[in-house]
Amino acid sequence: MSSESDVVSEERRSELLDRISKRGATIGEQIPDEVTIDGQTIALRSFVWETKKQGVVPPEKREAVQDVRATLNRERDRLKERLRTADVSPEEAKELADTIVGLDRAISALKNLREPDLQQHTHEEYVESNRRWVNFIDQLL
């Protein structure tokens, strides 16, 4: 365990917690190249980049994106709780805050992806098909 002088002050802890809670905290921040969560390393930046590049979450990646998002949220909550309650050094506290903001950036990027609603898509195809038939019948009359 750390000695009192090695532990982040409550004032600094509060500043870091405020920083990670701000709405615009992720602006200009980088997504970490990799994160290791529960012994599993995720190439986070490339995963987010490849997924975002497609603009829409393809059906075959939907479950993977949801799993990564859920895992990142759990890790973020765990790190935030550690920052809030653990006896950590000032350097470790800053690293925790930086990691949390990076995770938030990745979570935000993955949340902003459109996930096509297959039921809505089917309905739109049905409406368009009916519209074509009505136009065809109008031309015959």
Side-chain angles (χ1 to χ4, degrees), residues 1-140:
M1 190 150 146
S2 304
S3 71
E4 278 301 310
S5 62
D6 294 331
V7 177
V8 67
S9 70
E10 288 306 312
E11 181 181 342
R12 180 64 176 144
R13 185 187 309 267
S14 180
E15 288 171 1
L16 291 170
L17 287 168
D18 285 347
R19 174 183 164 220
I20 65 171
S21 298
K22 286 187 180 172
R23 195 170 186 93
T26 61
I27 295 173
E29 294 293 328
Q30 294 291 316
I31 295 172
D33 288 330
E34 293 182 335
V35 291
T36 302
I37 302 171
D38 298 330
Q40 179 183 0
T41 299
I42 301 170
L44 189 57
R45 186 178 295 165
S46 64
F47 177 81
V48 171
W49 177 251
E50 288 300 317
T51 306
K52 264 190 90 123
K53 198 164 63 170
Q54 295 177 26
V56 174
V57 178
E60 67 274 7
K61 276 194 156 190
R62 176 180 267 172
E63 192 172 320
V65 169
Q66 290 171 344
D67 287 347
V68 168
R69 235 182 359 217
T71 300
L72 294 176
N73 277 310
R74 281 192 306 275
E75 181 68 1
R76 181 201 190 281
D77 292 344
R78 188 185 72 74
L79 293 176
K80 186 175 179 182
E81 185 61 23
R82 180 166 167 72
L83 178 59
R84 182 180 291 122
T85 61
D87 289 339
V88 294
S89 69
E91 296 79 22
E92 186 178 357
K94 184 178 179 333
E95 286 175 24
L96 284 169
D98 291 344
T99 301
I100 291 167
V101 172
L103 292 178
D104 282 345
R105 176 75 175 89
I107 292 166
S108 177
L110 292 173
K111 265 187 196 171
N112 290 332
L113 292 172
R114 255 183 352 116
E115 292 187 21
D117 184 345
L118 299 179
Q119 187 176 21
Q120 176 69 22
H121 180 67
T122 302
H123 176 71
E124 289 170 1
E125 285 181 347
Y126 173 77
V127 169
E128 184 57 35
S129 174
N130 284 339
R131 193 173 288 136
R132 284 192 303 268
W133 274 109
V134 169
N135 286 339
F136 175 71
I137 291 172
D138 283 346
Q139 289 174 0
L140 292 176

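- Taking the charged nitrogens against the carboxylate oxygens, Glu10 and Arg13 do have a contact shorter than 4.0 Å, which makes a salt bridge.
- A distance of 10.5 Å separates CZ of Arg69 from OG of Ser108, quoted to the nearest 0.5 Å.
- Distance CD1/Ile27 to NZ/Lys22: 11.5 Å, rounded to 0.5 Å.
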Candidate pair Thr85 and Glu81, rule side chain to side chain contact (heavy atoms under 4.5 Å, CB included), full reasoning:
CA-CA 6 Å; Thr85 61; Glu81 185 61 23; 3.2 Å; yes
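- Every side chain to side chain contact (heavy atoms under 4.5 Å, CB included) that Thr36 has, sequence neighbours left out, goes to Thr41.
- Counting heavy atoms from C-beta outward, Val35 and Pro32 have side chains that approach closer than 4.5 Å.
- Considering only heavy atoms from C-beta on, Thr51 stays 4.5 Å or farther from Val68 through its side chain.
- At least one side-chain heavy atom of Leu110 sits under 4.5 Å from a side-chain heavy atom of Phe47.
- Between Arg78 and Asp38 no salt bridge is recorded (no basic side-chain N to carboxylate O distance below 4.0 Å).
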For a side chain to side chain contact (heavy atoms under 4.5 Å, CB included) check, start with the C-alpha distance between Leu103 and Leu44, then their side-chain angles and the critical distance, and finish with the verdict.
CA-CA 9 Å; Leu103 292 178; Leu44 189 57; 4.2 Å; yes
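- You'll find the side chain of Glu63 reaches within 4.5 Å of the side chain of Asp67, heavy atoms only.
- With sequence neighbours left out, the side chain to side chain contact (heavy atoms under 4.5 Å, CB included) criterion links Glu15 to Glu11, Arg12.
- Nearest approach of Asp6 to Pro90, heavy atoms of both residues: O-CD, 3.4 Å.
- The existence of a salt bridge linking Glu50 and Arg45 is excluded, since no basic side-chain nitrogen approaches an acidic carboxylate oxygen closer than 4.0 Å.
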Given salt bridge (charged side-chain N to carboxylate O under 4.0 Å, His left out), test Asp98 with Lys94 step by step and report yes or no.
CA-CA 6 Å; Asp98 291 344; Lys94 184 178 179 333; 2.9 Å; yes
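- With a 4.5 Å cut-off on side-chain heavy atoms, Leu83 and Ile20 count as touching.
- You'll find the side chain of Ile37 stays beyond 4.5 Å of the side chain of Gln40, heavy atoms only.
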